[in-house]
Amino acid sequence: MPWKETDDPYAIWLSEIILQQTRVAQGIKYYHKILERFPKVQDLANASEDEVLSSWKGLGYYSRARNLHTAAKTIVRDFGGVFPNTYDDILALKGVGPYTAAAISSFAFGLPYAVVDGNVYRVLSRYFGISDPIDERVGRLRLQQLAQECLVTGAPGDYNQAIMDFGAMVCTPALPQCVACPMSLHCRAYHEDRVSNLPVKAKKIAVRERHFLYFVIIRDQHILLSKRGRGDIWQGLYEPPLIEAKEQLSNIELAQKASLLLGKDISHRLLTPVERTKQKLTHQLIRATFYHFDLEVEHRDFQWFALTDLDQLAMPRIVDRHFKKMFSSGLQASLF
DNA sequence: AAGGCGTGGGA
DNA sequence: TTCCCAAGCCT
């Protein structure tokens, strides 16, 4: 992996933030792109939030990008632009938790801190046959402690890398390679035939279903968008004017709500959905319906953007994909 | 402490 | 299709 060829703590930090809850294959191109766009921590600190979010577009968990930006400013302001080199200072950075602090400490500075991520939970809970749920306090503490005891303190970086690689390639969540596994001789789960039952998770996530009705309004090669606020998904990302509904609305209700939203009476218009699509988040199912029309409107909540600038704006994937579809299919002309 | 926060890939 | 979930962190 490219970030294994560098000893720059900034690059290692970036790679670790990208890899939080993200597969290597998905994160790797973002790593190159973001490092090219912000080669030094100073470049990141001096950028605008929109620029940083834009570089993160499509990667998900956007608070990572906002926290990365905040931490870059901290490093420039409090550490003179030199990456902090103690576990506690690293842990104090916004967006850096126990896993990431241990990873940076060991990979960049050779400090003896054991990483505890999803791989480590899985490998250790199986090898030692531990059935305490890993999403509860007791199980987490027990595995953390075990991880630190197992750490090879003479080579913490290599050890940490090795146990995660082992979890990713051999001791995988589904279909682990037990037959070829060099650890199976002493693996408790293997001997007790409990591999597929470990690790244990106590809770499952409830998925909330939501209906988003988007109004794609284009005029003179400009499009009307607003920036999502705090307290909900996709904070800081751009999207067309939106109505959220409990379920399907009648045409009359739709026209009423749309008129209210846009500050303009559009009840005489026929609103035909151009596309219906959905996106599954970890804990929400978003069903989106896109309506298109041409309208002259000014509103303090919305802002006009040139269509040619759309690429540079961070948008939720469901919106991004809709736009891509609408421009590539040549539908645009017929739709407005 | 528990719930919120994205996305894409594999089974 | 549907489900699960991947190198977590914040509030």
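Below, chain A is the first sequence line, B the second, and so on; all start at residue 1. Treat the numbers as computed from the prediction; the structure is a model and nothing was measured.
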Asks: So which nucleotide from B/dT7, C/dC9, C/dA7 ends up closest to the side chain of A/W234?
Replies: B/dT7
Asks: Measure from the side-chain N and O atoms of A/R122 to the backbone N and O of A/G167, and report whether any donor-acceptor pair falls under 3.5 Å.
Replies: yes
Asks: When we call it a touch if two heavy atoms are under 4.0 Å apart, what does A/E136 touch: a base, just sugar-phosphate, or nothing?
Replies: nothing
Asks: If we take the P atom in both C/dA7 and B/dC5, what is their distance in whole Å?
Replies: 23 Å
Asks: Rounded off to whole Å, could you give me the CD-to-C1' distance for the A/Q235 and B/dG4 pair?
Replies: 12 Å
Asks: Report yes or no: does A/K57 contribute a side-chain atom to a donor-acceptor pair with the main-chain N or O of A/D311 at less than 3.5 Å?
Replies: yes
Asks: Starting from P on B/dG6, measure out to CZ on A/R321 and report it in whole angstrom.
Replies: 14 Å
Asks: Quick one about A/D265 and A/S267 (side-chain donor to acceptor, distance below 3.5 Å, no hydrogens or angles considered), yes or no?
Replies: yes
Asks: Given the structure, check if the side chain of A/T22 and the base of B/dG6 hold any donor-acceptor pair shorter than 3.5 Å.
Replies: yes
Asks: Could you check A/R210 against A/L175 and say which one's nearest nucleotide on DNA chain B is further toward the 5' end?
Replies: A/R210
Asks: Between C/dC10, C/dA7, B/dC5, which nucleotide gets closest to the side-chain atoms of A/K94?
Replies: C/dC10
Asks: Do A/T282 and B/dG6 have a side chain to base donor-acceptor pair shorter than 3.5 Å?
Replies: yes
Asks: Between A/D135 (CG) and B/dA1 (P), how many Å, whole number?
Replies: 13 Å
Asks: From CD of A/Q279 over to C1' of B/dG8, roughly how many Å is that when rounded to an integer?
Replies: 10 Å
Asks: What orientation do A/F290 and A/H322 show, parallel under 30°, tilted 30 to 60°, or perpendicular over 60°?
Replies: parallel
Asks: What does A/K201 touch in the nucleic acid at a heavy-atom separation under 4.0 angstrom: a base, only the sugar-phosphate, or nothing?
Replies: nothing
Asks: Separation of A/R122 atom CZ from C/dA6 atom C1', in whole Å?
Replies: 9 Å
Asks: Please give the distance between the P atoms of C/dC9 and B/dG8 as a whole number of Å.
Replies: 22 Å
Asks: In whole angstrom, what separates A/L237's CG from B/dG4's P?
Replies: 19 Å
Asks: Could you tell me how far apart A/D165 (CG) and C/dA7 (P) are, to the nearest whole angstrom?
Replies: 11 Å
Asks: Between C/dG8, C/dC5, B/dT7, spot the one nearest the side chain of A/R23, thanks.
Replies: C/dC5
Asks: In whole Å, I'd like the distance from the OH atom of A/Y121 to the P atom of C/dC4.
Replies: 21 Å
Asks: Let me spell it out: for each of A/R317 and A/G231, pick the nucleotide of DNA chain B with the closest heavy atom. Which residue's pick is nearer the 5' end?
Replies: A/G231
Asks: Can you identify which nucleotide, out of C/dG8, B/dA1, C/dC9, has its nearest atom closest to the A/R137 side chain?
Replies: B/dA1
Asks: If you look at every strand shown and take non-hydrogen atoms under 4.0 Å, does A/R230 touch a base, only sugar-phosphate, or nothing?
Replies: nothing
Asks: A/V41 and side-chain contact (heavy atoms from CB on, under 4.5 Å): which partner among A/V82, A/N46, A/I75?
Replies: A/I75
